[in-house]
There are 2 protein chains.
Amino acid sequence: MTTREIEKRTDALLNAVKLKRTGPRRVVLAALLRAAEPQSAEQIAVKLGTSAPNKVTVYRTLETFVNADVVHKAFLQKRTWYYEPADKCTDTQCHPHFTCTHCGDTHCLTEMSIPLAESPYKGFVVHRQQVRLEGLCPDCA
Amino acid sequence: MTTREIEKRTDALLNAVKLKRTGPRRVVLAALLRAAEPQSAEQIAVKLGTSAPNKVTVYRTLETFVNADVVHKAFLQKRTWYYEPADKCTDTQCHPHFTCTHCGDTHCLTEMSIPLAESPYKGFVVHRQQVRLEGLCPDCA
DNA sequence: AGCCAAATGCAACTAAGCTGCAAGTAGTTT
DNA sequence: AAACTACTTGCAGCTTAGTTGCATTTGGCT
Ligand SMILES: [Mn+2]
Ligand SMILES: [Mn+2]
Ligand SMILES: [Zn+2]
Ligand SMILES: [Zn+2]
C-alpha cells in the first residue's frame with residue numbers, strides 16, 4: 001500500500017467505527033496498517049519518531065481501537081501487548097502467529113485456517129480460539 | 001492426591017531433573033501440583049501464606065522449573081505469567097485452556113486433543129502449538 | 001465563529017518482575 | 001561426623017510496561 005492509500009484506509013476505518021479522526025489516531029493506526037507483524041506500543045512510538053504522540057495517548061489509542069474492534073491484541077507469549085489490524089481475522093479466531101525458536105521472529109500466518117476446536121466437555125460453549133505456533137522459520141530451518 | 005502423595009511426587013520430580021530438594025522448591029512445586037488451574041507467582045505466594053519463600057525466590061524457582069521442563073508457562077491472555085505442572089502436556093502441545101468470557105474463570109481441558117496444525121507455508125517447520133479457547137463455561141452458559 | 005464532549009499531555013503512581021550481592025545450605029568429599 | 005563448595009536464597013534497590021488524575025486542547029457540530 002502507498003502512503004496515500006494508507007491514509008485513506010486509516011480515515012475510512014475511523015469513520016466506519018465512528019471515532020474522531022485525530023492526529024494521534026491517524027498515525028498510530030497507519031503504523032499498524034504499515035506493519036507486517038503485530039506491534040507493541042513501544043515499537044509504534046519508535047517508528048513514529050518525533051511525530052509520535054505522548055506514550056499515554058498511544059496506550060489509550062490502542063485500547064480504544066481494541067474496544068472498537070478495529071484492532072486486536074495478539075498474544076505472543078511475551079510480557080507486553082502486541083496489536084494488529086483486525087481485518088485479517090474471522091469472528092471465531094485471529095490467524096495464528098508463528099514464532100521461530102531460533103531467531104525469535106514472529107510471522108502472521110494469515111493464509112492458514114484451523115477449524116474451531118470442538119470441546120468434548122459437556123457444557124462448555126466455545127466462541128473463539130487463538131493458536132500460537134513455534135518452530136523454525138524458513139531462514140533458520 | 002493426599003498431602004503425603006504430593007510430597008512424594010514433588011521430591012520424585014525434583015530428583016528426576018536433578019534439582020536440589022530445597023524448602024522453597026518443595027513448597028512451590030507442591031502448590032502447583034495441588035492447583036487445578038495454572039497459577040501466578042502471586043497466587044502461589046498467597047496460598048503458601050507465612051511459609052511462602054521470598055517473592056524473588058518464587059520467581060526464580062518457577063523459571064528454574066520451566067528451564068528443567070517440569071513446569072510450563074500457560075498460554076493465557078493475561079499480563080502476568082501463569083504456571084502449571086508439565087505432566088499433562090505432550091511434546092507438541094500443552095492441553096488447551098478455556099476462559100469463560102462471562103465469569104472469567106479458566107479451566108484446563110486436559111482431555112481435549114487438537115491435531116498439530118500443518119503449515120501451508122513453504123519452509124516453516126512447526127514443532128509445538130498452543131491453543132486458547134474462549135466462550136461460556138457450564139455455569140454461565 | 002462558538003460550543004462542548006471527547007481527546008490529549010503531563011506528572012505521579014503501580015504491578016510484575018529483574019539484578020547485584022552477601023549469607024546460607026544441600027549434597028558431596030574427606 | 002566435619003569440612004567443603006557450588007548452588008540457592010533473601011534483601012534492597014531497580015526497571016519495564018502500563019495506569020490514573022487532572023488541567024488543557026480540539027474535532028465535529030450548530
Ligand atoms: Mn497477525
Ligand atoms: Mn492447564
Ligand atoms: Zn528464525
Ligand atoms: Zn463462566
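Order of the sequence lines fixes the chain letters, A, B, ..., with proteins taken first and strands second; residue numbering starts at 1 for each chain.
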Any side-chain donor paired with an acceptor under 3.5 Å for B:Thr99 and B:Thr106? yes
A:Leu48 CG to C:dT8 P, in whole Å, measures 13 Å
Nearest whole angstrom, please: distance from the P of C:dG24 to the CZ of B:Arg25. 19 Å
Does B:Asn54 place a side-chain N or O at less than 4.0 Å from the phosphate oxygens OP1/OP2 of D:dC11? yes
Residues, nucleotides or ligands: over 12 heavy atoms within 6.0 Å of B:Glu118 CD: no
Say whether B:His97 and B:Glu84, considering side chains only, have a donor N or O and an acceptor N or O under 3.5 Å apart. yes
Do we see a donor-acceptor contact under 3.5 Å between the side chains of B:His95 and B:Gln130? no
Can you tell me the distance, in whole Å, between the CG atom of B:Leu62 and the C1' atom of C:dA16? 13 Å
Base versus backbone protein contacts along nucleotides 16-24 of chain D [heavy-atom cut-off under 4.0 Å; B, S, -]: -SBBBB---
Stacked cation flag A:Lys55 on A:Tyr59, 6.0 angstrom / 45 deg: no
Quick one: which protein N/O atoms are closer than 3.5 Å to N/O atoms of nucleotides 25-29 of chain C? Pair and distance per line, please.
unit_1, atom_1, unit_2, atom_2, d
C:dG27, OP1, B:Arg21, N, 3.1
C:dG27, OP1, B:Arg21, NE, 3.4
C:dG27, OP1, B:Arg21, NH2, 3.3

Can you find a side-chain donor-acceptor pair between B:Asp69 and B:His72 that sits under 3.5 Å? yes
Cation-pi between B:Lys73 and B:Phe75: NZ/CZ under 6.0 Å from ring centre and within 45° of the ring axis? no
Within this structure, what is the NZ-to-P distance between A:Lys78 and C:dC18, rounded to whole angstrom? 15 Å
Side-chain contact test, heavy atoms from C-beta onward, threshold under 4.5 Å: evaluate it for A:Asn54 versus A:Val58 and give yes or no. no
